[in-house]
Amino acid sequence: MTVRSPKLFVRSYGCQMNVYDAERMSDALAPEGYVATETPEDADVIVLNTCHIREKAAEKVYSELGRIRKMKQETGRAPIVAVAGCVAQAEGAEILKRAPVVDLVVGPQSYQNLPELIARAKAGARPVDTDFAVSEKFARLAEATPRAIRGRSVAAFLTVQEGCDKFCSFCVVPYTRGAEVSRPVGQIVAEAERLAAAGVREITLLGQNVDAFHGEGPDGRSWSLARLLYRLAEIDGIARLRYTTSHPLDFAEDLITAHRDLDKLMPYLHLPVQSGSDRVLKAMNRRHKAADYLRLIERIRAARPDMALSGDFIVGFPGETDAEFEATMRIVDEAAYASAFSFKYSPRPGTPAAEREGQVSEDVKTERLLRLQALIAARQAAFQRSLVGRPIEVLVERVGRHDGQMAGRSPYLTPVQIADCEVAVGDLIEVDVTGVGPNSLFAASRKPAEQPKSLRQFAEATA
Ligand code: SAH
Ligand code: SF4
Ligand code: F3S
């Protein structure tokens with residue numbers, strides 16, 4: 001008699017940190033025999049790994065739960081339904097009241113307890129675990145097996161820091177993820193080495209404020225993000241390093257130097273400013289001025305001239321006037337972004353800004369967002385056009401959409417579709433950019449013999 005493996009379905013919303021957490025949840029349940037499934041219909045455990053950052057994101061979970069309830073009725077199946085992530089942390093037991101279909105609630109700092117929570121849910125309890133125990137979490141989580149790593153991507157995420165002490169007046173993250181905690185350097189290096197040994201070529205270090213990283217080093221001292229990056233750059237097989245998201249206040253001089261020194265550190269930086277108006281920045285509790293931000297990116301570009309910059313913007317923050325919004329339009333121009341994300345301000349329960357006077361109407365927010373997005377799109381297109389005709393390095397991450405095509409990313413994180421090439425996933429190659437699509441670059445590969453020497457050496461070393 002063969003025993004059927006129980007199936008796990010995890011759907012993640014929100015930021016990359018949730019993507020990482022979802023992988024770690026699968027790792028935590030793998031020793032219990034769970035295998036992944038792509039559809040909720042045949043799952044034994046369904047996990048919704050949620051995001052609370054804006055109202056729309058938080059509401060998505062309830063429409064998804066509605067679909068799951070219907071699916072249960074139609075199929076007669078009774079999978080365990082878990083709500084994880086930031087909505088779980090923010091709403092806790094409220095979720096059980098609002099959605100009877102939910103069997104358990106687990107916050108982002110306690111999912112190492114999933115095996116036990118699932119057992120309790122199966123026994124009929126409806127457990128809620130929203131404790132904060134970050135250091136315990138990472139110490140107790142099961143490691144990913146080489147097979148699990150190979151089944152993912154050659155570009156992996158690695159959380160090095162969690163939580164946030166900044167308390168921007170609009171943001172729920174300090175409440176949903178708790179205080180800032182950095183993982184010890186030894187633990188991070190060991191995880192990076194395991195990823196590299198299983199074929200990972202690019203690692204993106206994650207943290208809500210990753211540039212505030214201050215993990216304990218093997219020497220017992222506190223290490224900066226820059227120092228960690230120098231250490232990770234020594235790992236054979238790792239060709240590229242990235243990190244996200246940074247806060248302008250924590251961007252230290254040694255990190256700027258690392259961008260000058262480390263070839264493996266990619267010239268792409270997500271550095272949100274949120275607004276171009278000093279009054280709005282103050283009301284947001286960002287604790288720096290627009291000019292400080294511009295000076296900082298000037299210093300970064302002096303160290304790494306081809307740095308592609310990305311950012312986040314909020315329009316319609318309470319009290320934002322037309323003139324203040326124009327200041328945001330100006331900083332987008334001045335900072336010369338390669339890409340940027342923009343959002344309508346969403347009042348979040350428990351945050352100071354949600355209670356403020358001067359909430360901006362939905363119509364005005366929409367109008368401002370459309371104008372800002374048009375400007376960002378024009379900037380992004382100009383950046384992408386500037387790459388046409390130039391050779392760029394691409395990490396091949398997957399097969400492309402069309403026959404014979406492979407897809408990867410440039411150093412600047414732009415998706416690249418490579419035509420007619422005989423390259424494999426995991427290859428690092430130089431290509432010539434031939435054109436620009438709506439969301440990606442088109443490129444032609446060069447023959448192996450025409451590849452730069454450094455890339456050929458890397459290919460030999462990792463073969
Ligand atoms: N830690 C990162 C960002 C985390 S949230 C940082 O400090 O930059 C990602 C983005 O969501 C933020 O940069 C911000 O632009 C946006 N955001 C956060 N709260 C929001 C809210 N209440 N309404 C609209 N956008 C919000
Ligand atoms: Fe939120 Fe601000 Fe912390 Fe970023 S720095 S996570 S926007 S509170
Ligand atoms: Fe969302 Fe939580 Fe990330 S609120 S953006 S999933 S930290």
Side-chain angles (χ1 to χ4, degrees), residues 10-22 48-61 83-91 107-109 111 130 134 157 159 161-181 206-213 243-251 269-276 280-281 283-288 293 309-318 320 328 332 337 340-356 359-360 362 365-366 368-369 372-373 376:
V10 188
R11 175 164 286 157
S12 272
Y13 305 82
C15 62
Q16 288 119 324
M17 208 160 256
N18 264 9
V19 175
Y20 176 82
D21 285 342
L48 301 182
N49 193 23
T50 60
C51 173
H52 200 244
I53 201 84
R54 287 169 290 274
E55 192 182 351
K56 260 199 195 143
E59 283 305 312
K60 264 188 205 155
V61 57
V83 175
C86 291
V87 177
Q89 191 66 43
E91 298 185 6
Q109 312 304 11
Y111 62 81
T130 50
V134 186
F157 293 133
T159 292
Q161 179 268 352
E162 283 218 63
C164 182
D165 297 336
K166 290 279 186 294
F167 290 93
C168 299
S169 60
F170 51 81
C171 184
V172 292
V173 170
Y175 312 97
T176 62
R177 294 272 170 167
E180 208 176 284
V181 179
L206 300 179
Q208 261 88 22
N209 268 307
V210 74
D211 54 346
F213 176 84
Y243 59 90
T244 197
T245 295
S246 301
H247 191 293
L249 276 188
D250 294 315
F251 211 93
L269 175 63
H270 185 60
L271 190 65
V273 64
Q274 314 296 355
S275 168
V280 174
L281 285 172
M284 286 177 163
N285 193 31
R286 293 290 291 185
R287 290 182 284 152
H288 65 78
Y293 179 81
L309 185 69
S310 150
D312 287 341
F313 292 92
I314 295 178
V315 300
F317 186 79
E320 185 187 67
T328 295
V332 169
Y337 288 99
F341 304 89
S342 49
F343 313 98
K344 289 184 201 174
Y345 169 70
S346 170
R348 305 306 292 129
T351 59
E355 311 298 322
R356 295 212 182 130
Q359 298 288 330
V360 174
E362 196 55 28
K365 283 185 200 169
T366 305
R368 288 180 187 169
L369 187 71
L372 179 59
Q373 288 187 336
I376 291 169

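Residue numbers count from 1 along this sequence. Whatever order the structure lists ligands and atoms in, that order sets their numbers, starting from 1.
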Next item on the list: Using atom types as modelled and distance alone, determine if a side-chain donor or acceptor of D165 lies under 3.5 Å from a backbone N or O of E180.
Entry: yes
Check: For ligand 3, which atoms sit closer than 4.0 Å to a heavy atom of C51?
Finding: 1 (Fe), 4 (S), 5 (S), 6 (S)
Check: What atoms in ligand 3 come closer than 4.0 Å to a heavy atom of N18?
Finding: 6 (S)
Checklist line | K344 vs R368 side-chain heavy atoms within contact, under 4.5 Å | finding: no
Check: Is the shortest distance from a heavy atom of R177 to ligand 2 less than 4.0 Å?
Finding: no
Check: When you look for heavy atoms under 4.0 Å from ligand 2, do you find them on the side chain of F170, its backbone, both, or neither?
Finding: side chain
Notebook entry, point to check: Do any heavy atoms of V173 fall under 4.0 Å from ligand 1?
Noted result: no
Margin query: Checking a contact table here: which protein heavy atom is nearest atom 3 (Fe) of ligand 2, and how many Å away?
Written below: C164 SG, 2.3 Å
Check: Any idea which protein heavy atom is nearest atom 8 (O) of ligand 1, and the distance to it?
Finding: P272 CG, 3.1 Å
Checklist line | Y345 neighbourhood, listing ligand 1 atoms whose heavy-atom distance to it stays under 4.0 Å | finding: 23 (N), 24 (C)
Next item on the list: Return the residue, atom name and 0.1 Å-rounded distance of the protein heavy atom closest to atom 3 (Fe) of ligand 3.
Entry: C15 SG, 2.3 Å
Note to self: Students should be able to answer this: which protein heavy-atom is nearest to atom 9 (C) of ligand 1, and at what distance?
What the structure shows: D312 OD2, 3.7 Å
Next item on the list: Indicate whether the side chain of H52 and that of T176 have a donor and an acceptor atom separated by less than 3.5 Å.
Entry: no
Item checked: H247: numbered ligand 2 atoms lying under 4.0 Å from its heavy atoms -> 5 (S)
Next item on the list: Measure from atom 15 (O) of ligand 1 to every heavy atom in Q274, H270, M17, R54 and give the option owning the shortest one.
Entry: Q274
Next item on the list: Ignoring hydrogens, tell whether any protein atom lies closer than 4.0 Å to atom 4 (C) of ligand 1; use the non-hydrogen atoms only.
Entry: no
Next item on the list: Check F343 against ligand 1 and report side chain, backbone, both or neither, counting heavy atoms closer than 4.0 Å.
Entry: side chain
Next item on the list: Could you tell me the separation between the OG1 atom of T328 and the CD atom of E320, rounded to the nearest 0.5 Å?
Entry: 5.5 Å
Next item on the list: For ligand 2, indicate whether the residue P272 contacts it via side chain, backbone, both or neither (heavy-atom separation under 4.0 Å).
Entry: neither
Margin query: Could you identify the single nearest non-hydrogen protein atom to atom 24 (C) of ligand 1 and state the distance to 0.1 Å?
Written below: K344 O, 3.3 Å
Check: Is there a heavy atom of K166 sitting under 4.0 angstrom from any atom of ligand 1?
Finding: no
Next item on the list: Report yes or no: do S12 and N18 form a side-chain donor-acceptor pair below 3.5 Å?
Entry: no
Next item on the list: Flag this pair as yes if the NZ/CZ of R54 is under 6.0 angstrom from the six-membered ring centre of F343 and inside a 45 degree cone about the axis; otherwise no.
Entry: yes
Notebook entry, point to check: Rounded to the nearest 0.5 Å, how far apart are CZ of F341 and CD1 of I314?
Noted result: 14.0 Å
Item checked: H247 backbone acceptor or donor facing D211 side chain under 3.5 Å -> yes
Notebook entry, point to check: What protein heavy atom sits nearest atom 2 (Fe) of ligand 2, and how far off is it?
Noted result: C168 SG, 2.3 Å
Next item on the list: With heavy atoms of K166 as the reference, note each atom of ligand 2 found under 4.0 Å away.
Entry: 3 (Fe), 5 (S)
Next item on the list: Tell me yes or no: between the side chains of Q373 and S342, is some donor less than 3.5 Å from an acceptor?
Entry: yes
Margin query: Under 2.8 Å from atom 2 (Fe) of ligand 3 - does any N, O or S atom of H52 fall there?
Written below: no
Item checked: Close-contact set for ligand 2 against F167 heavy atoms, below 4.0 Å -> 8 (S)
Notebook entry, point to check: Should you measure from each heavy atom of R348, which atoms of ligand 1 turn up under 4.0 Å away?
Noted result: 22 (N)
Check: What is the closest protein heavy atom to atom 22 (N) of ligand 1, and at what distance does it sit?
Finding: S346 O, 2.8 Å
Margin query: Test of understanding: given a 4.0 Å heavy-atom threshold, classify the contact between N209 and ligand 2 as side chain, backbone, both, or neither.
Written below: side chain
Notebook entry, point to check: atom 20 (C) of ligand 1: which protein heavy atom is closest, and how many Å away?
Noted result: F170 CD1, 3.7 Å
Note to self: Considering non-hydrogen atoms of the protein only, which is the closest contact for atom 1 (Fe) of ligand 2, and what is the distance?
What the structure shows: C171 SG, 2.3 Å
Note to self: Please list, in number order, the atoms of ligand 3 under 4.0 Å from a heavy atom of C86.
What the structure shows: 2 (Fe), 4 (S), 6 (S), 7 (S)
Next item on the list: Find out whether F313 and V273 are in side-chain contact, i.e. whether some heavy atom of one side chain is under 4.5 Å from a heavy atom of the other.
Entry: yes
Next item on the list: With heavy atoms of P174 as the reference, note each atom of ligand 2 found under 4.0 Å away.
Entry: 8 (S)
Next item on the list: Supply the atom-to-atom distance Q161 CD to Q208 CD, rounded to the nearest 0.5 angstrom.
Entry: 6.5 Å
Checklist line | From CG (L206) to OH (Y20), nearest 0.5 Å | finding: 8.5 Å
Margin query: Main chain of V10, side chain of N49: is a donor-acceptor contact present, judged purely on distance under 3.5 Å?
Written below: no
Check: Should one rank T244, T245, V210 by closest heavy-atom distance to atom 6 (C) of ligand 1, which comes out on top?
Finding: T245
Next item on the list: Let me know which of C86, C171, S346, C15 forms a side-chain contact (heavy atoms from CB on, under 4.5 Å) with I53.
Entry: C171
Next item on the list: Please check if the side chain of R286 supplies one atom and the backbone of V280 the other of a donor-acceptor pair under 3.5 Å.
Entry: no
Notebook entry, point to check: Does CD in E59 sit with more than 12 non-hydrogen atoms of other residues, nucleotides or ligands closer than 6.0 Å?
Noted result: yes
Note to self: Under 4.0 Å, heavy-atom basis, I'd like to know which part of R286 is in contact with ligand 1: side chain, backbone, both or neither.
What the structure shows: side chain
Next item on the list: Could you tell me the residue and atom name of the protein heavy atom closest to atom 1 (N) of ligand 1, and the distance to it rounded to 0.1 Å?
Entry: Q208 O, 2.7 Å
Next item on the list: Just let me know how Q208 lines up against ligand 3, side chain, backbone, both or neither, with a heavy-atom cut-off below 4.0 Å.
Entry: side chain
Checklist line | Distance, nearest 0.5 Å, that separates SG of C168 from CG of L281 | finding: 10.0 Å
Next item on the list: Among all protein heavy atoms, pick the one closest to atom 4 (Fe) of ligand 2 and tell me residue, atom and distance.
Entry: R286 NH1, 4.4 Å
Next item on the list: List the atom of P272, the atom of Y293, and the distance in Å for their closest heavy-atom pair.
Entry: O-CE1, 4.1 Å
Note to self: Let me confirm one number: the CD-OH distance from Q359 to Y345, rounded to the nearest 0.5 Å.
What the structure shows: 5.0 Å
